[in-house]
Amino acid sequence: MSRAKHIPIRQCIACRERRPKRELLRIVMTEGGPVLDPTGRKPGRGAYVCPDRPECWAEKKLRRLAGAKAAELALALQMVLGNAARPASQNEQPSPQ
């Protein structure tokens, strides 16, 4: 009798929705501030954020994790995930002719 594979579930710190771990982006607090951890292997206490919901990247929602550094974290998330959310044609810079 085969068993179904266990899928780890994590909760987004902003919207509190539970999703599979692979669908969320991990953030780790270090001495230098919050660091994005796409591999999920950096040491330290981590928290998870929905990468596909811009409302989860708001500074007010991230204060639970980052405290005073929430503004820095919100900006980093918007830069990294905001660029990834746009279609590829918008990410490309026009070539000078």
Side-chain angles (χ1 to χ4, degrees):
M1 193 167 170
S2 67
R3 288 185 142 182
K5 184 172 177 164
H6 172 73
I7 298 173
I9 303 293
R10 299 292 183 262
Q11 185 177 34
C12 173
I13 60 167
C15 67
R16 303 287 185 154
E17 182 180 339
R18 292 182 183 275
R19 295 169 70 172
K21 183 178 174 181
R22 289 187 144 190
E23 292 181 12
L24 299 171
L25 176 65
R26 185 170 185 250
I27 302 167
V28 178
M29 290 302 294
T30 63
E31 291 179 9
V35 177
L36 301 178
D37 181 18
T39 63
R41 298 190 181 267
K42 290 190 179 192
R45 173 78 64 170
Y48 294 86
V49 173
C50 299
D52 55 348
R53 290 190 179 159
E55 58 269 14
C56 290
W57 315 336
E59 176 184 350
K60 185 175 181 181
K61 300 272 186 167
L62 299 173
R63 287 205 182 273
R64 287 185 196 121
L65 168 71
K69 295 192 179 196
E72 176 187 337
L73 177 57
L75 182 62
L77 283 170
Q78 289 172 2
M79 294 200 46
V80 171
L81 298 175
N83 288 336
R86 291 187 202 147
S89 61
Q90 290 182 358
N91 285 342
E92 296 175 3
Q93 297 291 330
S95 59
Q97 294 178 359

Trainee: Taking all non-hydrogen atoms of both residues into account, name the closest pair between Leu62 and Cys56 and its distance.
Mentor: CD2-O, 3.7 Å

Trainee: Side chains of Arg10 and Arg26, heavy atoms from C-beta outward: is any pair under 4.5 Å?
Mentor: no

Trainee: Looking at every heavy atom in both Cys15 and Arg53, which two are closest together, and how far apart are they?
Mentor: SG-NH1, 3.5 Å

Trainee: Closest approach of Cys12 and Leu24, non-hydrogen atoms and distance?
Mentor: N-CD1, 4.3 Å

Trainee: Name all pairs fulfilling the salt bridge (charged side-chain N to carboxylate O under 4.0 Å, His left out) condition that reach into residues 62-75, sequence neighbours left out, sorted by first residue then second.
Mentor: Glu59-Arg63

Trainee: Under a single-linkage rule joining Ile, Leu, Val, Met, Phe, Trp and Tyr whose side-chain heavy atoms are separated by less than 4.5 Å, which residues share a cluster with Val35?
Mentor: none

Trainee: Could you pull out the closest heavy-atom pair between Trp57 and Ala74, with the gap in Å?
Mentor: O-CB, 3.3 Å

Trainee: Nearest 0.5 Å, what's the CD1-CD distance between Ile9 and Glu23?
Mentor: 8.0 Å

Trainee: Report yes or no: do Tyr48 and Ile13 belong to one cluster of Ile/Leu/Val/Met/Phe/Trp/Tyr joined by side chain heavy-atom distances under 4.5 Å?
Mentor: no

Trainee: Measuring from atom CD of Gln11 to atom CZ of Arg16, what distance do you get when rounded to the nearest 0.5 angstrom?
Mentor: 5.5 Å

Trainee: Hey, what do you get for CZ (Arg45) to OG1 (Thr30), rounding to the nearest 0.5 Å?
Mentor: 15.0 Å

Trainee: So how far is it from Leu36 CG to Ile27 CD1, rounded to the nearest 0.5 Å?
Mentor: 6.0 Å

Trainee: Measure the spacing between CD of Glu55 and SG of Cys50 and express it to the nearest 0.5 Å.
Mentor: 8.0 Å

Trainee: Heavy-atom distance under 4.5 Å between the side chains of Val28 and Pro34, does that happen here?
Mentor: no

Trainee: Quick one: does Leu77's side chain get under 4.5 Å of Leu25's, heavy atoms only?
Mentor: yes

